[in-house]
Amino acid sequence: MAAEKNKYTVLISEEEISRRVKELGEQISSEYSGKEILLICTLKGAVIFASDLARSIKVPCELGFIKAKSYAGDHTTGSVDINFEDIPDIKGRHIIIVEDIIDTGLTLKKLSEYFWAKGPASMKICAFLDKPSRRKVDIKADYAGFEIEDHFVVGYGLDHNERFRNLPFIAKL
Ligand code: IMP
Ligand code: MG
């Protein structure tokens with residue numbers, strides 16, 4: 001890791017992340033009071049955010065996972081590969097799709113259309129990061145951790161060619 005030290009600049013610190021994730025958990029807990037949530041985590045990028053978020057939610061919460069891929073290195077391929085296997089039953093459930101970052105919005109558009117067609121009782125989107133300036137389709141997060149400018153970022157689950165996911169903060173390359 002030492003050799004990589006100067007290759008990135010910290011954009012959002014571990015402390016800021018921890019504070020914001022707790023706030024999101026409190027907001028979700030109060031809005032879903034008396035209900036049960038199915039959190040659907042998109043792999044791999046959202047796995048660290050979803051783990052922290054799930055622990056800051058105080059209402060009953062099930063975790064599901066889906067695999068989505070649209071990036072190669074630091075650029076979007078423009079097409080979204082989604083592995084729809086192993087999705088828990090969604091009909092009648094209150095689902096929250098948990099994403100690491102909304103960039104063009106293509107991934108979430110595809111996922112939300114797919115899930116909505118399965119008849120959930122409600123569906124919301126929770127994204128850790130949001131890059132609104134990059135949007136190609138009309139998708140908004142119901143819950144967003146931080147809005148950022150158009151930088152390629154890594155850490156807290158986000159990668160560049162599978163590296164940097166384990167950084168506890170968000171950094172720009
Ligand atoms: P979208 O479909 O263009 O909104 O892209 C969403 C996916 O691309 C995210 O879930 C990430 O996995 C990946 N992605 C977008 N921007 C970044 C970034 O700055 N760093 C790392 N991954 C990113
Ligand atoms: Mg993702």
Side-chain angles (χ1 to χ4, degrees), residues 1 4-14 16-18 20-21 24 28 37-54 63-88 90 95-118 120 123-173:
M1 198 53 102
E4 287 172 4
K5 226 174 179 157
N6 300 321
K7 289 190 185 162
Y8 53 74
T9 320
V10 177
L11 200 63
I12 307 172
S13 70
E14 199 172 347
E16 288 173 278
I17 293 174
S18 159
R20 186 71 187 116
V21 174
L24 287 173
I28 291 171
I37 303 172
L38 170 59
L39 282 185
I40 302 177
C41 166
T42 60
L43 296 172
K44 301 176 190 171
V47 73
I48 293 180
F49 173 48
S51 319
D52 285 344
L53 182 69
L63 272 170
F65 298 89
I66 187 162
K67 196 158 189 186
K69 191 172 171 61
S70 65
Y71 255 69
D74 61 2
H75 62 277
T76 177
T77 59
S79 72
V80 188
D81 280 345
I82 293 172
N83 185 339
F84 285 115
E85 284 168 49
D86 272 341
I87 296 294
I90 280 153
I95 68 168
I96 302 180
I97 306 173
V98 182
E99 250 291 41
D100 50 354
I101 184 166
I102 315 182
D103 184 49
T104 62
L106 290 166
T107 304
L108 274 169
K109 185 166 169 49
K110 194 164 174 181
L111 285 178
S112 56
E113 285 171 358
Y114 174 82
F115 288 131
W116 191 244
K118 302 263 173 207
M123 180 177 76
K124 288 199 172 173
I125 290 171
C126 179
F128 178 62
L129 299 175
D130 189 6
K131 276 194 223 173
S133 64
R134 295 259 309 159
R135 210 68 100 245
K136 286 190 179 150
V137 288
D138 184 26
I139 279 284
K140 283 192 189 69
D142 300 286
Y143 307 101
F146 301 90
E147 209 172 272
I148 60 166
E149 317 234 303
D150 183 13
H151 305 299
F152 189 81
V153 294
V154 294
Y156 200 61
L158 290 101
D159 73 309
H160 179 247
N161 290 331
E162 297 300 327
R163 296 174 74 214
F164 305 109
R165 291 193 199 275
N166 59 319
L167 295 179
F169 44 78
I170 291 290
K172 304 196 269 196
L173 284 187

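First listed ligand is number 1; within each ligand, the first listed atom is number 1. On a predicted model such as this, the values are computed, not experimentally measured, just so you know.
The proximity of E99 to ligand 1, defined as any non-hydrogen pair under 4.0 Å, is limited to the side chain. In L158, the part holding a heavy atom less than 4.0 Å from any atom of ligand 1 is the side chain. With a heavy-atom cut-off of 4.0 Å, D159 touches ligand 1 through its backbone alone.
Taking every heavy atom of S70 and a limit of under 4.0 angstrom, the matching atoms of ligand 1 come to 2 (O), 5 (O), 7 (C), 8 (O). The atoms of ligand 1 that sit less than 4.0 Å from any heavy atom of L106 are 2 (O), 4 (O). Each of the following atoms of ligand 1 lies closer than 4.0 Å to a heavy atom of K131: 16 (N), 17 (C), 18 (C), 19 (O). Distances below 4.0 Å separate heavy atoms of T107 from the following atoms of ligand 1: 1 (P), 2 (O), 5 (O), 6 (C).
Using bins of under 30°, 30° to 60° and over 60° for the plane-to-plane angle, the ring pair F128/F49 lands in the tilted bin. Ring orientation note: the planes of F152 and H160 are nearly perpendicular, at an angle over 60° on the 30°/60° scale.
Ligand 1 has at least one atom lying under 4.0 Å from a heavy atom of I101. Every heavy atom of D74 sits 4.0 Å or more from the atoms of ligand 1. Distances shorter than 4.0 angstrom occur between a heavy atom of H151 and an atom of ligand 1. Under a 4.0 Å heavy-atom criterion, V154 is not in contact with ligand 1. Residue contact check for ligand 1: H160 places no non-hydrogen atom closer than 4.0 Å to it.
Summarising the geometry, atom CD1 belonging to I90 is positioned 9.5 Å from atom CE belonging to M123; distances are rounded to the nearest 0.5 Å. Distance check, rounded to the nearest 0.5 Å: NZ of K140 to OG of S112 gives 12.5 Å. Between atom CD1 of residue I170 and atom CD1 of residue I12 there is a gap of 5.5 Å, rounded to the nearest 0.5 Å. Rounded to the nearest 0.5 angstrom, L24 CG and F146 CZ are separated by 8.0 Å.
The shortest N/O to N/O separation between G105 and ligand 1 falls below 3.5 Å.
The pair R135-D130 counts as a salt bridge, with a side-chain nitrogen and a carboxylate oxygen less than 4.0 angstrom apart.
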Quick one: do K69 and V80 satisfy side-chain contact (heavy atoms from CB on, under 4.5 Å)? Show the steps, please.
-> CA-CA 6 Å; K69 191 172 171 61; V80 188; over 6 Å; no
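A donor atom on one side chain and an acceptor atom on the other are not found under 3.5 Å apart for Y156 and D100.
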